[in-house]
Visitor: 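Just dropping this structure here.
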Amino acid sequence: MLTGIIPKLPMIDKVVTMNYYLEMLGFSLVSNIDFDGYLMLEKDNMQIHFFEFKSLDPKENYGQVYIRTNDIENLYQKLISKNVPVHPSGHLQLKPWGQIEFALLDPNNNLLTFGQTS
C-alpha cells in the first residue's frame with residue numbers, strides 16, 4: 001500500500017534554497033540535523049527534499065512538482081503580499097482541465113505548480 005510521496009529536487013546552493021522555502025514559502029526544517037548536501041523541508045502534511053547538484057545549470061533544470069491545496073486563492077494572495085515572484089505564465093487561473101493553478105520557479109529553476117479542483 002502506498003502512503004505518500006516525497007519529491008526530491010536538485011539544488012545548487014543549500015543556504016539559498018533553504019532561505020527561499022523557509023522565508024518566502026513558509027516551510028520549516030524536518031530535522032535540526034544538518035545533512036551534508038541534502039535538505040529536508042516540510043509544510044502542513046507535505047515534505048520536499050533537495051539534493052545538492054552544484055554544477056546544475058538552472059536553464060537546463062526540468063525539476064517539477066505539483067502541489068495540491070484546498071485554499072489556493074488565500075495561498076496565492078499570501079505569496080503575492082510577500083513579493084514572491086510568480087512564473088511569468090503561471091498567474092492564478094482556471095485551467096481547461098478544471099484546476100485552479102499558479103506556478104513559481106524556485107532559485108534552482110524547479111517549477112512548483114499549486115493546484116485546486118474548481
Side-chain angles (χ1 to χ4, degrees):
M1 175 188 296
L2 302 178
T3 61
I5 188 167
I6 298 174
K8 293 170 69 172
L9 300 173
M11 68 178 167
I12 300 166
D13 184 305
K14 185 176 181 177
V15 172
V16 169
T17 300
M18 182 172 58
N19 288 341
Y20 175 81
Y21 281 85
L22 296 179
E23 296 171 15
M24 302 295 281
L25 302 186
F27 279 70
S28 59
L29 294 170
V30 171
S31 171
N32 289 330
I33 300 171
D34 185 15
F35 299 100
D36 187 38
Y38 202 77
L39 178 62
M40 298 182 297
L41 301 171
E42 64 186 347
K43 182 171 179 161
D44 301 325
N45 294 317
M46 186 195 77
Q47 287 188 18
I48 301 178
H49 293 192
F50 297 87
F51 61 93
E52 189 174 71
F53 188 174
K54 288 197 178 283
S55 64
L56 176 69
D57 178 352
K59 293 177 186 172
E60 295 181 8
N61 180 15
Y62 300 102
Q64 300 182 35
V65 63
Y66 193 97
I67 304 168
R68 294 225 177 255
T69 179
N70 60 7
D71 194 6
I72 197 160
E73 291 183 19
N74 186 42
L75 176 60
Y76 183 77
Q77 290 307 319
K78 281 183 183 178
L79 295 175
I80 294 298
S81 72
K82 292 176 79 172
N83 295 316
V84 175
V86 174
H87 186 283
S89 59
H91 290 277
L92 186 66
Q93 58 187 294
L94 176 61
K95 299 292 187 174
W97 46 89
Q99 298 292 305
I100 304 169
E101 297 179 353
F102 72 93
L104 311 173
L105 289 170
D106 79 1
N108 307 289
N109 214 41
N110 292 304
L111 180 67
L112 309 175
T113 303
F114 297 83
Q116 177 179 332
T117 302
S118 62

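Computed from heavy atoms alone, side chains included, the values below leave out hydrogens, waters and symmetry copies.
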Visitor: Assess whether atom NZ of Lys8 is packed by more than 12 heavy atoms of other residues, nucleotides or ligands within 6.0 Å.
Guide: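 No, NZ of Lys8 has 12 or fewer neighbouring heavy atoms, counting only those of other groups under 6.0 Å.
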Visitor: Is a side-chain donor-acceptor pair under 3.5 Å present for Asp106 with Thr17?
Guide: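 Note: Thr17 and Asp106 side chains miss the donor-acceptor criterion.
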Visitor: Passes side chain to side chain contact (heavy atoms under 4.5 Å, CB included), Thr113 versus Val65? Steps please.
Guide: CA-CA 6 Å; Thr113 303; Val65 63; over 6 Å; no
Visitor: Taking a hydrophobic cluster as the set of Ile, Leu, Val, Met, Phe, Trp and Tyr residues connected by side-chain heavy atoms closer than 4.5 Å, whether directly or through intermediates, do Ile80 and Tyr20 fall within one such cluster?
Guide: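 Yes, because Ile80 and Tyr20 connect within a single hydrophobic cluster, where side-chain heavy atoms sit under 4.5 Å apart.
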Visitor: Is Leu94 reachable from Phe102 through a run of I, L, V, M, F, W or Y residues, each pair having side-chain heavy atoms under 4.5 Å apart?
Guide: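 The answer is yes; both residues are in one hydrophobic cluster.
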Visitor: Shortest non-hydrogen contact from Ser31 to Met40?
Guide: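 Looking at all heavy atoms of both residues, the closest pair is CB-CE, 4.4 Å.
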Visitor: Using the side chain to side chain contact (heavy atoms under 4.5 Å, CB included) rule, pick out the option among Asp13, Ile12, Asn19 that qualifies with Val16.
Guide: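 Answer after filtering Asp13, Ile12, Asn19: Asp13.
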Visitor: Given the rule in the side chain to side chain contact (heavy atoms under 4.5 Å, CB included) test, do His49 and Leu9 qualify, once you have shown the distances and angles that lead to the verdict?
Guide: CA-CA 6 Å; His49 293 192; Leu9 300 173; over 6 Å; no
Visitor: For residues Gly115 and Tyr66, report the shortest heavy-atom separation together with the two atoms involved.
Guide: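 Result for this residue pair: CA-OH, 3.3 Å.
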Visitor: Taking salt bridge (charged side-chain N to carboxylate O under 4.0 Å, His left out) as the test, write out the residues that go with Lys59, two or more places apart.
Guide: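 Result, salt bridge (charged side-chain N to carboxylate O under 4.0 Å, His left out) vs Lys59: none returned.
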Visitor: For Tyr21, check ring-ring contact (aromatic ring centres under 6.0 Å, His included) against everything at least two apart and list the hits.
Guide: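 Checked Tyr21 against ring-ring contact (aromatic ring centres under 6.0 Å, His included); matches are Phe27, Phe50.
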Visitor: Sequence neighbours left out, what pairs pass salt bridge (charged side-chain N to carboxylate O under 4.0 Å, His left out) with at least one residue falling in residues 60-89?
Guide: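 Passing the test, one end in residues 60-89: no pairs.
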Visitor: Linking I/L/V/M/F/W/Y whenever their side-chain heavy atoms sit closer than 4.5 Å, directly or via other members, would Ile48 and Phe53 fall into one cluster?
Guide: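 No, Ile48 does not connect to Phe53 through the hydrophobic network.
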Visitor: How many angstroms lie between CG in Asn61 and CG in Leu56, if you round to the nearest 0.5 Å?
Guide: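 CG of Leu56 is found 4.5 Å from CG of Asn61.
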Visitor: Do any pairs count as a salt bridge (charged side-chain N to carboxylate O under 4.0 Å, His left out) and have a residue in residues 31-43, sequence neighbours left out, and if so which ones?
Guide: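 Those involving residues 31-43 are Lys14-Asp34.
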Visitor: Inspect the surroundings of CD1 in Ile33 and state if more than 12 heavy atoms from other residues, nucleotides or ligands are less than 6.0 Å away.
Guide: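 Atom CD1 in Ile33 is not packed in, count stays at 12 or less.
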Visitor: To the closest 0.5 Å, what do you measure between CD1 (Ile67) and CD (Glu101)?
Guide: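 Between Ile67 CD1 and Glu101 CD, I get 11.5 Å after rounding to 0.5 Å.
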Visitor: Using the salt bridge (charged side-chain N to carboxylate O under 4.0 Å, His left out) criterion, which residues pair with Asp57? Sequence neighbours excluded.
Guide: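 Residues passing salt bridge (charged side-chain N to carboxylate O under 4.0 Å, His left out) with Asp57: none at all.
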Visitor: Check whether the side chains of Thr117 and Gln99 place a donor and an acceptor atom closer than 3.5 Å, and report yes or no.
Guide: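 Side chains of Thr117 and Gln99: pair found under 3.5 Å.
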Visitor: Could you walk me through whether Leu111 and Leu105 satisfy the side chain to side chain contact (heavy atoms under 4.5 Å, CB included) test, starting with their C-alpha distance in whole Å, then the side-chain angles of each, then the deciding distance to 0.1 Å, before giving a yes or no?
Guide: CA-CA 5 Å; Leu111 180 67; Leu105 289 170; 3.9 Å; yes
Visitor: When hydrophobic residues are tied together by side-chain contacts of less than 4.5 Å, even through go-betweens, does Met18 share a cluster with Phe51?
Guide: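 Met18 does not cluster with Phe51.
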Visitor: List for me each residue that meets ring-ring contact (aromatic ring centres under 6.0 Å, His included) alongside His91, sequence neighbours excluded, and say none if there are none.
Guide: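 Checked His91 against ring-ring contact (aromatic ring centres under 6.0 Å, His included); zero matches.
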Visitor: Looking at every non-hydrogen atom in both residues, tell me the closest pair between Val86 and Leu104 and how far apart they are.
Guide: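 That would be CA-CD2, 3.9 Å.
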Visitor: Using the rule that two of Ile, Leu, Val, Met, Phe, Trp, Tyr join whenever any of their side-chain heavy atoms come within less than 4.5 Å, decide whether Tyr38 and Leu41 are in one cluster.
Guide: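 Different clusters: Tyr38 never reaches Leu41 through Ile, Leu, Val, Met, Phe, Trp or Tyr contacts under 4.5 Å.
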Visitor: So which heavy atom on Asn110 is nearest to which on Pro10, and how close?
Guide: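 The pair with the smallest heavy-atom distance is ND2-O, 3.0 Å.
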Visitor: Walk me through it: do Leu39 and Val30 pass the test side chain to side chain contact (heavy atoms under 4.5 Å, CB included)?
Guide: CA-CA 9 Å; Leu39 178 62; Val30 171; over 6 Å; no
